[in-house]
Amino acid sequence: MSNKGPMRTIAGLATARGFAVGPAFIYRGDGEIPIPQYVVKPGREADELLRLKRALVETKGDLEKLISAVKEHTGGKDVRVFECHLMMLDDIVLVDETEKYIREDRINAETAVRRTANHARRQFAQMNDPYFRERVRDLDDVERRLLKALTGFAEDPTTELKVPSIVVADDLTPSETVRLPRDLVLGFATNGGSTTSHVALLSRAMGIPAVTGLGDITHRAIAGETLLLDGTNGAITIFPTASAIRDFSDLIERQRELVEDVATGAPAGTLKDGSDIPLYANIHPGVPVADIKAQGARGVGLYRSEYLWLNRELEPTEEEQFEAYSDAAKFAKTLGDRSTIAIRTLDIGGDKLVRGISSKEANPFLGNRSIRYLLSNPDVFKKQLRAILRASVFGKVGIMYPMVSCVEELQAAAKMFAQVTEQLDAEGIAYDRDLPVGAMIEVPSAAINADALAKYVKFFSIGTNDLIQYTMAADRGNEAVAHLYQPTNPAVLKLMKRTIAAAKRNGIYVSVCGESASDPIVGVLWAAMGVDFLSMSATYIPLMAKLLSRLTRADLDDYLKAVEAMGDGATAAEILAVCETWMRAHIPDLDNIVL
């Protein structure tokens, strides 16, 4: 046990359900490359010049290999940017300037490289020509490659993670999260983030408990010291006593029993009267499918395909995508004859950036993201559609387009879909000709015009994470406006009701795949409003299955009436309070189920 301080519990946000006990691993991230700065001893300038020369040769070699790989991968496309980087490394002016700093100012090579880069950046920034101003990004990349070669900086700090630990970080990007070795991560604890940030979504999908919004946990936790992580209630305990660790072990056992109850009971989502609201899982490539099945998932309502693009230099090939989607389709088949997997096409932009294809925008959340990006990059779109269609022969697969905002986008997507199927027919390649295509309802315009959109698709999937964010004009990852992220706001409820009603009128099915589907209060409300199924991170399925098994369809109708009786003048907090009161009245042991 530690003697470094008294036991203390720090409150944060309950981000991913579950409990973990283990040592702290302080993750610093890639960040800026730390460089040494020193004056070279007289007569040793030649040594620094040699170090620079070797770094230049190594960096050029790496770039040439990358260019060769890109050419093989894309047939010669997309190499221009890397060729530009090679030209910079060969630029006699930049090289001479760096060598001059070493010889005349007697500074080390790393400092000389940074000084040259800073000088060049200032010059580019002063130019009126947008082309030269854009070269700053290329310069940043070249500088980083050179400094890595000089310092031996490890691009992947996760290699230091050697034993199962709780990862403590300021925050984590999707790329950093998926790069961590799953078998060595017991939980996540971050200074920032929110319950709907991407570390939250990923940790839920991977079945890893997490607490975010802890403020300064990276300074309070000590590397190697034992932590207790409560992702269900949102707390981290540092320097726990032996008694506290024993109590925590009891919570872990209760969580295990909840999962066992679902495994031996009725199918997840069966109501007390036998009515059915199936519970599906949200997953991404790399999630252990056996874990999903064990949690009771009856299908996959959201397959986040964008994680095939993360943490790599090159876009995945059609064959790489086909292999991943085929595995997912085969898995869906093991869940039952009626089980499906809804593959969301590439959803990038906003706070999901993909190396090599994402670009900086003044307002990325309102920019060229998701379906907009795909329509403006038809090669990427058609390649993904081909891979999904080819995989559809292995199991029931659906396609859903993210971030749809208008009919025109669905019309354009339908044309590309038709072009792809014509190509497959001409090539004699089999695919499911009845494969359903759906639209994600994530922006107010889509919800308001849902009747028109329904004419072009077979299903709606409501992404409440973004729908709430865009309705309330509040960034879901910004702690300063987190109080405005309100699932029970009357405006949000009206959009939900409108979308569900439009789906029913047009004879298509509708689900919720946003993380609110797993909320014990709000998820049950969506069920009461009439969605056909709920899709969530698999670790939440046992909890939601337990709650729904205590209720009948008549109970859900009564629940909805209690909410609708509040009227438009009610606040989100007042509606939520009514919801909680109703739930506690109908499920007296709610707190024990939710732990």
Side-chain angles (χ1 to χ4, degrees), residues 267 269-271 273-280 298-303 332 335-345 371 385 388-389 392 395-418 421 431-464 467 492-514 517 523-536 548 553-554 556-557 560 564:
T270 303
L271 301 184
D273 59 4
S275 302
D276 205 21
I277 303 173
L279 301 183
Y280 283 36
R298 294 166 66 179
V300 175
L302 170 61
Y303 180 94
L335 296 175
D337 292 337
R338 299 180 59 190
S339 296
T340 60
I341 175 167
I343 299 176
R344 179 172 67 187
T345 53
I371 188 65
L385 290 176
I388 296 173
L389 283 163
S392 67
K396 291 186 177 180
V397 169
I399 293 174
M400 57 187 187
Y401 302 133
M403 200 72 184
V404 172
S405 61
C406 59
V407 164
E408 292 91 332
E409 289 170 341
L410 288 181
Q411 290 173 333
K415 287 181 180 179
M416 290 197 188
F417 185 89
T421 56
Y431 61 91
D432 180 4
R433 295 179 180 277
D434 295 320
L435 180 148
V437 175
M440 293 195 69
I441 306 300
E442 301 175 275
V443 297
S445 65
I448 292 169
N449 204 28
D451 274 299
L453 297 181
K455 304 293 191 295
Y456 294 88
V457 295
K458 296 290 183 65
F459 66 93
F460 285 152
S461 180
I462 305 175
T464 52
L467 182 61
V492 174
L493 296 182
K494 283 184 178 180
L495 293 177
M496 293 290 294
K497 181 178 180 180
R498 188 181 186 104
T499 301
I500 295 167
K504 304 296 183 185
R505 279 192 297 269
N506 289 277
I508 66 175
Y509 64 89
V510 57
S511 67
V512 173
C513 69
V524 175
L525 177 58
W526 301 150
M529 293 179 74
V531 299
D532 294 297
F533 66 86
L534 297 168
S535 189
M536 64 199 70
L548 291 173
R553 174 52 68 179
L556 294 182
D557 291 342
L560 183 58
E564 290 180 335

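All residue numbers in this chain count up from 1 along the given sequence. In this text, all values refer to a predicted model and were calculated from it rather than measured experimentally.
For the atom pair CG of L435 and CD1 of I388, the computed distance is 8.0 Å after rounding to the nearest 0.5 Å. Atom-to-atom distance recorded for I462:CD1 and C513:SG is 9.0 Å, nearest 0.5 angstrom. With rounding to the nearest 0.5 angstrom, the CG atom of L467 is 7.0 Å from the OG1 atom of T499. In this structure, the separation between CD1 on I343 and CG on L385 is 10.5 Å, given to the nearest 0.5 Å. Summarising the geometry, atom CG belonging to L389 is positioned 8.5 Å from atom CG belonging to D432; distances are rounded to the nearest 0.5 Å. With rounding to the nearest 0.5 Å, the separation of NZ in K494 from CD1 in I448 is 11.0 Å.
Without hydrogens or angle criteria, E442 side chain to M403 main chain gives a donor-acceptor distance under 3.5 Å. With hydrogens and angles ignored, the 3.5 Å screen pairs a side-chain donor or acceptor of K455 with a backbone N or O of D451. Using a distance-only test at 3.5 Å, with no hydrogens or angles considered, no donor-acceptor pair links the side chain of S405 to the main chain of S445. With hydrogens and angles disregarded, a donor-acceptor distance shorter than 3.5 Å links the side chain of N506 to the backbone of A502. Looking at S275, its side chain never comes within 3.5 Å of a backbone N or O of L271 through a donor-acceptor pair. Between the side chain of K504 and the backbone N or O of V531 there is no donor-acceptor pair closer than 3.5 Å. A distance-only check finds no donor-acceptor pair linking the side chain of S461 to the backbone of M440 [under 3.5 Å].
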Between M536 and L279, is a side-chain contact (heavy atoms from CB on, under 4.5 Å) present by the stated rule, with each step listed? CA-CA 8 Å; M536 64 199 70; L279 301 183; 4.0 Å; yes
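Here the shortest heavy-atom pairing between G269 and L548 reads CA-CD1, 4.1 Å. Considering all non-hydrogen atoms of both residues, A413 and I371 come closest at CB-CD1, 4.4 Å. For the pair L534 and G523, the tightest heavy-atom approach, listed with the atom from each and the gap, is CD1-O, 3.6 Å. Closest approach of G301 and A342 over heavy atoms only: O-CB, 3.5 Å. Shortest non-hydrogen contact noted between A439 and L410 is CB-CD2, 4.2 Å.
A side-chain donor from one of Q411 and Y456 sits under 3.5 Å from a side-chain acceptor of the other.
Remark: F533 pairs with Y280 by the ring-ring contact (aromatic ring centres under 6.0 Å, His included) rule, at least two apart or across chains.
Side-chain contact check for F459 versus V510: every heavy-atom pair is 4.5 Å or farther apart. V457 is not listed as a side-chain neighbour of M400, based on a closest heavy-atom distance of 4.5 Å or more. Counting heavy atoms from C-beta outward, I441 and L495 have side chains that stay 4.5 Å or more apart.
Ion pair D276/R298 flagged as a salt bridge, since at least one NZ, NE, NH1 or NH2 atom sits closer than 4.0 Å to an Asp/Glu carboxylate oxygen. Looking at R553 and D273, no side-chain N of the basic residue comes within less than 4.0 Å of a carboxylate O on the acidic one, giving no salt bridge.
Sparse packing is recorded around NZ of K415, with 12 or fewer heavy atoms of other residues, nucleotides or ligands lying under 6.0 Å away.
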